[in-house]
Structure formats: C-alpha cells, structure tokens
Amino acid sequence: MIIVELYCLWVPALLFLLFTTSSWHHFIFAPPLLLHLCCCLGYLFLSPILGMISTFQNGTRNKQMNFCSVGKVFFGIKAAKQNLFTVPADLDVTLRSLDLSNNFIRQLPTLALPDLEQLDLSSNRLDLISEGAFQDLARLKNLNLSRNQLNINLGSNSKALGSLGRLKSLDVSKNGLSNDAAELFLKNKPTLDHLKMTGNALIRLSHSLFRESGSLKTITVDDNLISEIAEGTFEPLKQLETLNLAMNNLAHICDFKLSQLKYLNLSRNSVEFFVTREDYQLYSLEILDLSYNKLLYFPIVPKMNQLKYLHLQNNALGGYVNSEAAMVSEINALYNEIVKNRRAIKNSLHANWRLMPLVYIDLSFNHFTFFPLETLNLLSSVETLHFSNNCLQNIHWNIRNYNDSRHARQLFFHSLKHLNLQSNGLVYISPRFIKALTQIETLNLQDNSVQPCAENFSRQQISLKAPCAAFGQMTTLKHLNLRENGIKLVTQNSLQRNSLTYLNLRGNRHLVMHERALEGVQSTLQTLIISETNMSDLTLPCLTALTELNMSNNNLYRMPSSLSCSPLKAIDIRNNKFKTLNHSLIQHLSKNLAVMFISGNQFDCCNSEWMSILKETHLPDINETECFTHKRNFLVAEYLKSPSLYCLLHSEAQGVHFGQMIIIVFFLSLLLTGLIVFSRKFCCTQGSLCDI
C-alpha cells in the first residue's frame, strides 16, 4: 500500500515536467500518464471509504455479538440467532451475562466463567450437558434452558444442574420432562425462588417434588397433564406467593389450604367445585382465576381472606338450577358433604362471601337464567361486575323478606361502578334493580332488547313492571351502551338527570330520535354513536361538550346545523347520501377538527368548496372517496389536484341561460333570412341577364 501511494505521488510530478518541456514530441507520453493519474486519484479517493466500510463491518460483527464492557469487566454477550452449533471458545472470564438462545447447540461443555450471573440457552437443541458444565459458575443466579431436549440424557443433565446450589431462577419449560425428571432437576436448590416448568409431561405433583427447593416464591407448571396434587406438596413452601396451574387436568379442589398464596391460577382445567374448609386463619389470596373450567357452583373461599379479583368466566354456573335460592342451597349441601359436617346446614357461601374485599368479579359466559341479587349484594366493595353472555332475559327483584311486611326488601350496590350485561337477551330490568345501582358509571347493555322509558312514564307506571328501563333515574351514569337493542324511538328527555359522557345507539335499525331526546345531556355528552340506524334525517340540540360523532352507514343527506355548537375533534359520515356539506358549518368545525371520515358518499365534484377547507384536517380515507361530475366519477384526491379543469365545461354549460338561448336563436333566424333574400336577388339578377 505504501509503494502504491509513493507511485501515485510521482505520476503528477512526471506530468508536470512533461508539460513544461518545449519539445512537442514528448507529449506522446501524456495519455498513458493521464490514465495512471486517474487510477491513482481513484485509489486515493476510494481507499478512505473502503477503510470506513471495513471498520463498519468489523464493528457490525462486534455488535452482532453485542459486547458490553466497562474497563476490563465484560458485562454481557448477546449471541442469539447466530446459527451457532457450539458455545463460542475463548469467552472472557469476567462475563456476567451470556445469551446463546435460538441457536443449534446440542452439547454444553464445561464453562469456566466464575463471574457469570445470567445464562440463556433457550430454544436450542440441547440434549447433553456435561456433568461438570456448571461447576465453575459459582455466581450463576438465572438459568434459562427452555425449549430444548433435556429429557434425553437425564442422568448427566440432572447431575449438572445439581451443582447449581445458588440458583435463583430456573426455566426448564418445553423439555418433555416427566415427574421423576422434574424431581431430579430440583435437587439442591435451597435458594431457588422462581421456577418455570411450562409445557412438560407432568402428571402428578408429589409431596417430595419441592423438598429441596423450600425458598420458592413463584411456581409456574401450566400446560402439563397434572390431574393429581398430593397433600403436602405446596404447604411447606412458606414463601410461596404465586402458583400457576393453568391448562392441566385438575377436576376438584376439595380442601384449599395455601394461606400463604397471593395469586392462584387454575384456569383452563376441568374444575367442578372449589371448597375451603372453614377456619379462622387469615389467607393472603388476592387473585383467584377459575375461568374456563366446569364450575357448577360458586367457589367457597376462605372465610378470612383478602381476595380482590375473582375470575369465574366461561364455566357452567347457574346451569342446573332455576333460582338463586336453589343454587345457594345446593352449594351449602355440597360443602357439608365434603367436610362431613353433620350439623344443621348453614349458609357457608354467604357467610364467606360477606367478608370478601372483592373489587372485580367476572361471571360472563356462564349459564345463568337469573341474576343472583342477594349473593352479589354481599360484595360490598365490588366495583366491576361482568355478567355478559348469560341467559337472563329478565332481572326480577326476587329477594326474601325477613319479616311479614308485604313490601319488598330494598338492597343497594353501593360500590358498583361498572356493570356489563351484554348479550343476555334482556327485555325487562326491574326499576328496583336500577334504583339499587347508586354509584353506577358504566352500563353495557349491547345486544339485548331493552327500551328506554319515555318521559311521560310516571313513577307508578315504571314500578309496575313497565317494559322499559328508566335510565333517567341513574344520575351517576356516564357511559351507556345500547347498541343493537332494537330501539325504535328515543323520546323527549329520555336521558334527563343523567351526566352521560358516552352514548352508543349503533345498530338500532329504523331508530327515530326526538329532536329534544338529548337535551338532558347537552352539557356533558362527549361521544355520540348513531351509526347503522337507517336514519334519513337527524336533528340534535346544541351539544356543547361533544368531541366525537359517528353517524356512518345511514341515509343522511345533510349534517345538523346545531353541530356548530360542538367542539368536534372526530367525525365519521361514511356511507351516507351526502352530495355536499354546508360550507359555513365545515368552516366553523375546522377550528377543532382533527380527523374526519367521508368515503362512501355521492359528493358533487363541482359543488365541493368545503373540501378545500379540510386540507389541514386528517382525512384517512380520502384515497377511497369519490366525487361525481356530469362526465364521470373521480377520486377526490385526484380531483383536488386541478378542480377547475374538471368543472370548467360543466360551469360553462350551466352558465348558458334560457334568455341567452332565445337571443342566439333570434340571431340565427336573422342570418338565415338574410341568406334567403340575398340568394333570391342573386337568382333574379342572373335571370335578367340571361333574358338580355
């Protein structure tokens, strides 16, 4: 390289001498020298660039290995997805983290990395770990061996893991491990606090499985084949807080005793009942997930508990009884049978539920034909209740009286804020139930047959099983979803005394809204959805808080002029029959408007001054929006590039009025008359000449 650079310095010098000589024949050497000069200039120009590329490539190689170091201490190497078949040689002994995941490594030799704390070998083809592979990893805390084949050479692999006495976290998921293999892998793990064995072949959990890993705080053994748990398996684990047994084959929990647990996941098993024997021990359980099982009854939870979240969705609750009283009676009979209690049957379910500090319960996708008023009323702290996709049809006020009074006992849900009753086939909701929702903020009644009561319904009429819901009594209500309820009429002031901020009336075919239907929510309503109602005309009051309006998929041809009162930020008018939009209204709305959907209408290209106003508004569907002229259809985006060109002929044609047509016809008549007179005179003149 040095010789080339010296040569390139001599070439311009020779050229200089050549051109300064007086002999013209010396110039015959100029072309070769010029060629050499070009080559040298190219080399001198490209060599720095090539050097930079080489440096970049070397840096990229280093980055692929992702070295992270400070001084002489290497904190980590990330060599995931590098198509490695063996562990890289000559690894720095000061490494603290090594990621070799997603490669093709089959065997693991001895690793001499005394400072290593984290090792990830997940998603390889690892089937053989040498017995001394981990003996020099005295500081290793986190080890991920998931998605390998550790069930093949079980003897060597288990002995290698047995040397890791200081391990804190171990993941051996997806390795085809049996019960015995799992027990071998957990030997000598006194400091282990996080264990994950997802997707193995465990069938039974024995009391000796965790005998040498007594510090466990989190155990995840989901997606196995577990159908039996021996007594004493988890009880000795005094620090255990999280237990995930989802996606197994468990059928019954007859005697729950794990008072130390905070989170228990039993979802996607075949559990039919969950029972805790009555005692006065304080349980730490906060989250219980029994979703996607075969529960026939409500779970009997510990009497002294801290349960806040209860997931019971997708079960068979309420399917074999036709009343709340029958359901409670059967649960208590089952409890007494399990605990072999020969005393008189008492209401164990209600006694335990009354003390639950629950804030969230999900009962959706069950088989309820009744609403368990008394049972759910015991949950004095519950804020969110999901009861969608059941078979209610009606919510009656069937509760027991504790005296001889003929008046029905009134209950209240003092903490309930969010209630989801979607897809129940509801027709009737008791006014007493509506009255009981004293703090309700969100009510989802989508896909039912509930009709709002008219303003002229008296309180007496409403109380006599009126076939409507008096939403006006819900003074705290903010979000109301009445989508797809078959509502045909929203009468005047149907929603007065509300503080609604969100109203969804979508999918109520043939809906008619009284022009004063929303007067009660004029100052609070922020979102209004009235799409898919087949409306052809819409009149709204002045909605001073409205920021989102969806009136798509209707037959509307004009926008309500009262929208000028609203600080709208988003409007959807897709798939209607609009030919143009009010210029002054759009001008006013454009001050706040951020997004507007307009496709699927019949806009007139030559009556579209309003489009130019919306240039700064985001129109996501403008490339799908068409407009029409007397000639053909245009995409609006194409038309807006030169609107005057497409509408010039149209404008000129429209500019020819009837009076102008008369003048033109009169002028043509005079011209024709003059031609006739001239031709006759000419003929006569020719005739006289002929006679002479």
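Because only heavy atoms are used, hydrogens play no part in the values below, and waters and symmetry mates are left out as well, while side chains stay in.
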If you measure only the distance, is there a donor-acceptor pair under 3.5 Å linking the side chains of [X] and [Y]?
X      : Y      : value
Glu330 : Tyr297 : yes
Gln422 : Asp447 : no
Asn314 : Ser291 : no
His418 : Thr442 : yes
Ser208 : Glu183 : yes
Gln313 : Ser364 : no
Thr375 : His350 : yes

Query raised in the report: Hey, what's the ring geometry for His252 with Phe273, parallel, tilted or perpendicular (30° and 60° as the breaks)?
Result: tilted
Query raised in the report: Parallel, tilted or perpendicular for His479 and Tyr502, by the 30°/60° rule?
Result: parallel
Going by an N to O cut-off under 4.0 Å, is there a salt bridge joining [X] and [Y]?
X      : Y      : value
Lys187 : Glu212 : yes
Asp255 : Lys257 : yes
Glu272 : Lys294 : no

Query raised in the report: Considering only heavy atoms from C-beta outward, does the side chain of Ile77 approach that of Leu95 to under 4.5 Å?
Result: yes
